[in-house]
Number of protein chains: 2
Amino acid sequence: MRVGTAETVDAAGMRAQNSSLLLNMIWRERQISRAEIARRTELSPSTVSAIVADLEHSGLVRNIGAGVSRGGRRPTLIGFCDDAYSIVGVELGATHVTAILTDLRGRVRVHRHAPQAVRDDPKSTLQKVKELVQECLEAERVPKRSVLGMGVAVPSPVHPSAPGKLSPLIVPAWRDYDVQEWLKSAFGMPVLVDNDANLGALSECYWGAGVGGEDLAYIKLATGIGCGFIIHGDVYRGSGGTAGEIGHIAVDSSGPQCVCGLRGCLVTLIGSVPLVERARELMGTKGRRAPTVRELVEGARAGEQAARQVIDSLGHYLGIAVAGLLNLLNPAIVVLGGEISSVGDLLLDPLRTSVRKRALSTSMAETRIVTSALGDKAIAVGAATLVLQAALRNRSLFPLQHVGRTA
Amino acid sequence: MRVGTAETVDAAGMRAQNSSLLLNMIWRERQISRAEIARRTELSPSTVSAIVADLEHSGLVRNIGAGVSRGGRRPTLIGFCDDAYSIVGVELGATHVTAILTDLRGRVRVHRHAPQAVRDDPKSTLQKVKELVQECLEAERVPKRSVLGMGVAVPSPVHPSAPGKLSPLIVPAWRDYDVQEWLKSAFGMPVLVDNDANLGALSECYWGAGVGGEDLAYIKLATGIGCGFIIHGDVYRGSGGTAGEIGHIAVDSSGPQCVCGLRGCLVTLIGSVPLVERARELMGTKGRRAPTVRELVEGARAGEQAARQVIDSLGHYLGIAVAGLLNLLNPAIVVLGGEISSVGDLLLDPLRTSVRKRALSTSMAETRIVTSALGDKAIAVGAATLVLQAALRNRSLFPLQHVGRTA
DNA sequence: ATACTTTCTTCATCACCCGAACGAAGCCAG
DNA sequence: CTGGCTTCGTTCGGGTGATGAAGAAAGTAT
């Protein structure tokens, strides 16, 4: 059992902790006065001033004018410098690579995308990542010392004790590669790696439907079905890093055989491939080619019967798994991501119906189920957010770029 | 999103934090020298000495002789005073009340038990609790100031924002009672309340199969089927306190109708009632009365076919739910509790087989599934452990009983 | 016996937070 | 627009607690 805090504190540690706390508060509030910080933190005004001055010298916060008076002298508002540093976010998908550059508020400043056979070709994948990231950095002329680090989303579970190694069961070709080490030595900056669904969840928690909350479940609907949890504000990985493997939950004992050995796994029923295949069948003679997911979405929106039917069954099957999830974990909110989720209510309605039939009313009552509104860069943004989260928690992760007071 | 630590630190806070850290280390290690503490915590030897002296004066630790030399002066070992304080643990079961008194190492010093209609009679239940606890305190002549507090296990989900109120859906008769407030004002000591399965999980994590780990799932097999999670060393309650409601997961769509509205819920198949009922049927004309759970366990051990068959089907159905749990949460260990779990391998074998057929090999590989060895007081001990955990994390929760240096 | 280690304490020092006092800046009468 | 009051932010001793060096205590190795 874990008991108590793991870290000791000395005078310097005290300052580090208070400093990080203030940095967080300023980041969260966007603008706040020293006096208000002192009231909320119960730190003395003098301490707050000292720390704020410190943060100001390192370029992380700045004066942004006066606020409204509360009956006396007007407060000077402090704001967070969203542009003080940049963060690199990388998504390794099944068939593509995305690289982005964000500021400290999750805004995407540059964006590069390339098709890539990720599963089978680690060598050229990593090379491609290097290219795209370099393009991003050069496009904005960002000096390396003002980059906080790089977050990487990978389509595989990530074991907590070896975050750079991908699962040999899911992507055997990557057996001899350590993503984290490779990119770290290629760029000379901190690299954090996590599973794509986990980072989608983090993205939603910071910038999407979960803002303000601390517990969230995210389901990524794509070729595979992934699931990520945020628990107490942190990505939850499980003891072996495979938490959230929702794709192989059996929801129909008479369903089709899955490669994993079971029958009626979620992926065999609502993965992108069986979904578009089913749509093709339902459309009958009309088309011999299966539609893309995008076409499916458009069809459903346009009211096409076949597309609607496919989405309905998606909602039905997914609901069985989501009900189990609600009963077990009781998250505050469940967010659906992936391209197909953009149909919105067309999916949510049958899903909610299916869930309501199966979940306890107590766990249902408090849980919101929504679709993501973050778009196709959500995962890459989540990867960058992983770095942001780490830095905001520990101010010392911000490299010192402003030595002295070169205002 | 939560970012960073929530608490500020001043000089006193620094001491409090370091003090708690040392207290934990001494508790965990049972015996350790000042020098060793300094090495592990990276605190200076002088600081360690000062804090240890402080802890010694308050009676929490003491000198327990010399250790073996490492080539120089022999270290003086510091040990934790397990008897410095007592903790009260209370279990409210479906049909009984248990009260215990433990030391700071989870050892049960006194134990009182009484049948009680808990569900329908809150008033006399609370009165009974008061009686039993008072008996415990008097039996050991424990003065109130040396009691850390009281932990209470209740057969209902507990909402994080109102820990004393039970769920009106599960136990409607308790609508107007606040367990926490009632007992707090009755005894004038801190009272912590949690769900029984959650506290079973905590118990296992501290004293049972999960010792040393931080992530664990516990399944309580009784009249109802409950489930508790320990995540990062803490009880996980979910956003509304209903995490772990595994009992109403549907595992057989053609199963019997449940009161919750679904078909084939876990409780309707493997709750104590359907279990013994099934055993009665299988035993045919032999007996008209259904056996008790205890008799079922004894029968299975003795090799009776009917009992074995019932246990087998229990393992089969439970395996379906456990497989889902492994895929979703990937705990390091799953512990089965409740009276029926005492059959051990007779249950574990069919359970593991059932799980293996359904869970991903990755999540299975690292997960141990075991039965509890803590006995029938596990839940009450877990309740006491909740108080112990809180106190070890925050030394200031230990009341000051030794004013001055009355050695 | 002597030299070397390790343990634990003592003491001067230093970093940091605090509280009080103060100047700055605004509100609100009269 | 002037004086009292409030709020904001800073300056400056003072106190608390961790530190590191030095030393005493108590071993081991030769």
Side-chain angles (χ1 to χ4, degrees), chain A residues 5 7-23 25-26 29 31-57 61-79 395-396 405, chain B residues 5 7-23 25-26 29 31-57 61-79 395-396 405:
Chain A
T5 324
E7 301 247 335
T8 59
V9 193
D10 60 358
M14 180 161 66
R15 180 52 156 264
Q17 197 165 323
N18 288 337
S19 180
S20 296
L21 185 73
L22 258 63
L23 190 62
M25 187 168 285
I26 299 170
E29 301 296 327
Q31 52 178 46
I32 189 169
S33 70
R34 291 170 176 80
E36 182 62 24
I37 293 175
R39 278 190 294 270
R40 295 203 200 170
T41 60
E42 293 184 307
L43 250 41
S44 72
S46 40
T47 304
V48 172
S49 274
I51 294 179
V52 167
D54 204 37
L55 293 173
E56 220 170 342
H57 292 151
V61 309
R62 67 164 188 280
N63 233 309
I64 54 168
V68 293
S69 166
R70 306 196 324 156
R73 172 176 169 179
R74 286 157 62 194
T76 59
L77 296 178
I78 309 297
R395 196 203 134 185
S396 68
R405 309 189 180 185
Chain B
T5 324
E7 301 248 334
T8 59
V9 192
D10 61 357
M14 179 161 69
R15 181 50 157 263
Q17 196 164 326
N18 288 337
S19 180
S20 296
L21 184 73
L22 257 62
L23 190 62
M25 187 169 284
I26 298 168
E29 300 297 327
Q31 52 177 47
I32 188 169
S33 70
R34 291 170 177 81
E36 183 62 24
I37 293 176
R39 277 190 294 270
R40 293 203 201 170
T41 59
E42 293 184 306
L43 248 41
S44 71
S46 37
T47 303
V48 172
S49 274
I51 295 179
V52 167
D54 204 36
L55 293 173
E56 220 170 344
H57 292 152
V61 308
R62 69 165 188 279
N63 231 310
I64 53 168
V68 293
S69 164
R70 307 196 324 156
R73 172 178 168 177
R74 285 157 64 194
T76 60
L77 296 179
I78 309 297
R395 196 202 135 185
S396 67
R405 310 190 180 184

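Letters A, B, ... mirror the listed sequences (proteins, then strands); counts begin at 1. Owing to the predicted nature of the structure, the values given are computational and were not obtained by experimental measurement. Computed from heavy atoms alone, side chains included, the values below leave out hydrogens, waters and symmetry copies.
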| task | Using the test salt bridge (Lys or Arg N to Asp or Glu O under 4.0 Å), find all partners of A:R40 that sit at least two apart in sequence or belong to another chain. | result |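 Testing A:R40 for salt bridge (Lys or Arg N to Asp or Glu O under 4.0 Å), a comparison that skips the adjacent residues, returns A:E29, A:E36.
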| query | Does the side chain of B:R39 get closer than 4.0 angstrom to OP1 or OP2 of C:dT7 through an N or O atom? | reply |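 Yes, such a contact exists.
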| field | D:dG9 phosphate, OP1 or OP2, under 4.0 Å from A:T76 side-chain N/O | value |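 Yes, such a contact exists.
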Atom pair distance, as rounded to whole Å: [atom1] in [X] and [atom2] in [N]:
X: A:R70; N: D:dC5; atom1: CZ; atom2: C1'; value: 15 Å
X: B:L22; N: C:dC8; atom1: CG; atom2: P; value: 13 Å
X: B:I37; N: C:dT6; atom1: CD1; atom2: P; value: 18 Å
X: B:L77; N: C:dT6; atom1: CG; atom2: P; value: 17 Å

Kindly compute the distance separating [atom1] ([X]) from [atom2] ([Y]), expressed to the nearest 0.5 Å.
X: B:D10; Y: A:T47; atom1: CG; atom2: OG1; result: 9.0 Å
X: B:N18; Y: B:L43; atom1: CG; atom2: CG; result: 5.0 Å
X: B:I32; Y: B:I37; atom1: CD1; atom2: CD1; result: 5.0 Å

Can you see which heavy atom on [X] is nearest to which on [Y], and at what distance?
X: B:I64; Y: B:I78; value: CG1-C, 4.0 Å
X: B:S19; Y: B:I51; value: CA-CG2, 3.8 Å
X: B:E7; Y: A:Q17; value: O-NE2, 3.7 Å
X: B:R74; Y: B:G67; value: NE-O, 3.3 Å

| said: One character per nucleotide, please: for nucleotides 25-30 of chain C, 5' to 3', B when the base has a protein heavy atom closer than 4.0 Å, S when only the sugar-phosphate does, - otherwise. | reply: BBS---
Can you tabulate the close N/O pairs, meaning under 3.5 Å, that link protein atoms to atoms of nucleotides 16-22 of chain C?
residue: C:dC17; atom: OP1; partner: A:N18; partner atom: ND2; Å: 3.1
residue: C:dC17; atom: OP2; partner: A:R15; partner atom: NH1; Å: 2.7
residue: C:dC18; atom: OP2; partner: A:S44; partner atom: N; Å: 3.0
residue: C:dC18; atom: OP2; partner: A:S44; partner atom: OG; Å: 3.1
residue: C:dC18; atom: OP2; partner: A:T47; partner atom: OG1; Å: 2.9
residue: C:dG19; atom: O6; partner: A:S46; partner atom: OG; Å: 2.8

